[in-house]
Amino acid sequence: SSKETGEPIVVQVAGSLKFEETDNNLTAGLTPVRLQACHTERNLNKSSISFEVMQNKLLPTFKNRPILGFIHDVDGKPQFYGHNAHEEDGEIIYDEIAIGNIPETNNAELVYDKENDRYNVMIDGYVYDEYTKASEIIQREGECPCSVEISIISMSFDAKDRTLIIEDGYFSGVAI
């Protein structure tokens, strides 16, 4: 429990971020993206988030969270590098910078995935067109893998199924 330690446990789950074309003049200077963040039920790492916990506790916390990226050149083309960090004076310093955000009006929803019998978390966001090459990369690639960070406030362990049950938490951000 984070109440006992004073800090949540932060885990990273895989997701994907797709470029969404739009003619909306209200979003000039922003590249719209659609994020498939994670899903309900059991994960490959033997953790599980129920539909109810995702819908009522985690999903509403995506509002105003950052979209982060670390960009470097590969053969003269800008690319995302994933999570990158270094240590300074015994402290971990993350190299990613904010390249966009997930607004309050993010159309967060749980979309049923019939093939895998689970609900995928789908969120709208924006990447800033200025300041970095992030928008250029996303438009060029069409889809980029990302890491979604979940801060776990409380959890339990189902010994019979050997599954970690996430009972409460929040989304911290997304790193492309």
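All values reported here derive from a predicted model rather than from experimental measurement.
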Point-to-point distance, once rounded to the nearest 0.5 Å, from [atom1] of [X] to [atom2] of [Y]:
X: Asn107; Y: Ile102; atom1: CG; atom2: CD1; answer: 12.0 Å
X: Ile123; Y: Lys63; atom1: CD1; atom2: NZ; answer: 10.5 Å
X: Glu167; Y: Ser50; atom1: CD; atom2: OG; answer: 9.0 Å
X: Glu141; Y: Phe19; atom1: CD; atom2: CZ; answer: 12.5 Å

Residue pair [X] / [Y]: nearest heavy atoms and the distance that separates them:
X: Tyr126; Y: Pro32; value: CD2-CA, 3.9 Å
X: Tyr170; Y: Ile153; value: CD2-CD1, 3.9 Å
X: Phe62; Y: Val174; value: CE2-CG2, 3.9 Å
X: Ser47; Y: Thr163; value: C-CG2, 4.0 Å
X: Arg65; Y: Gly173; value: CB-CA, 4.3 Å
X: Arg42; Y: Arg162; value: NH2-O, 4.1 Å

[X] vs [Y] side-chain heavy atoms within contact, under 4.5 Å:
X: Ile92; Y: Tyr94; result: yes
X: Thr40; Y: Ile49; result: no
X: His72; Y: Pro78; result: no
X: Ile138; Y: Val33; result: yes
X: Ile71; Y: Tyr81; result: no
X: Arg140; Y: Gln79; result: yes
X: Asn64; Y: Glu104; result: yes

* Any chance you could lay out the side chain to side chain donor-acceptor pair (under 3.5 Å) test for Glu41 and Ser48, step after step, and finish with the verdict? => CA-CA 5 Å; Glu41 308 317 322; Ser48 180; 4.7 Å; no
* Run the numbers on Ser154 and Asp168 for side chain to side chain donor-acceptor pair (under 3.5 Å), then give the verdict. => CA-CA 5 Å; Ser154 65; Asp168 196 6; 4.8 Å; no
Are [X] and [Y] in one and the same hydrophobic cluster, where Ile, Leu, Val, Met, Phe, Trp and Tyr link if side-chain heavy atoms are under 4.5 Å apart?
X: Tyr112; Y: Leu58; result: yes
X: Val111; Y: Phe171; result: no
X: Val53; Y: Met122; result: no
X: Ile165; Y: Leu59; result: no
X: Phe70; Y: Leu68; result: no

Counting N and O atoms only, with roles assigned by atom type, does the side chain of [X] sit under 3.5 Å from a partner on the main chain of [Y], one being a donor and the other an acceptor?
X: Ser151; Y: Ser172; answer: no
X: Glu91; Y: Ile93; answer: no
X: Asp158; Y: Lys160; answer: yes
X: Asp73; Y: Gly76; answer: no
X: Asn106; Y: Pro103; answer: yes
X: Asp129; Y: Ser135; answer: no

* Asked: Under a 4.0 Å N-O cut-off, is there an ion pair linking Arg34 with Glu109?
  -> yes
* To do: Check the pair His39 / Asn116 against side chain to side chain donor-acceptor pair (under 3.5 Å), numbers first and verdict last.
  => CA-CA 10 Å; His39 58 81; Asn116 294 303; over 6 Å; no
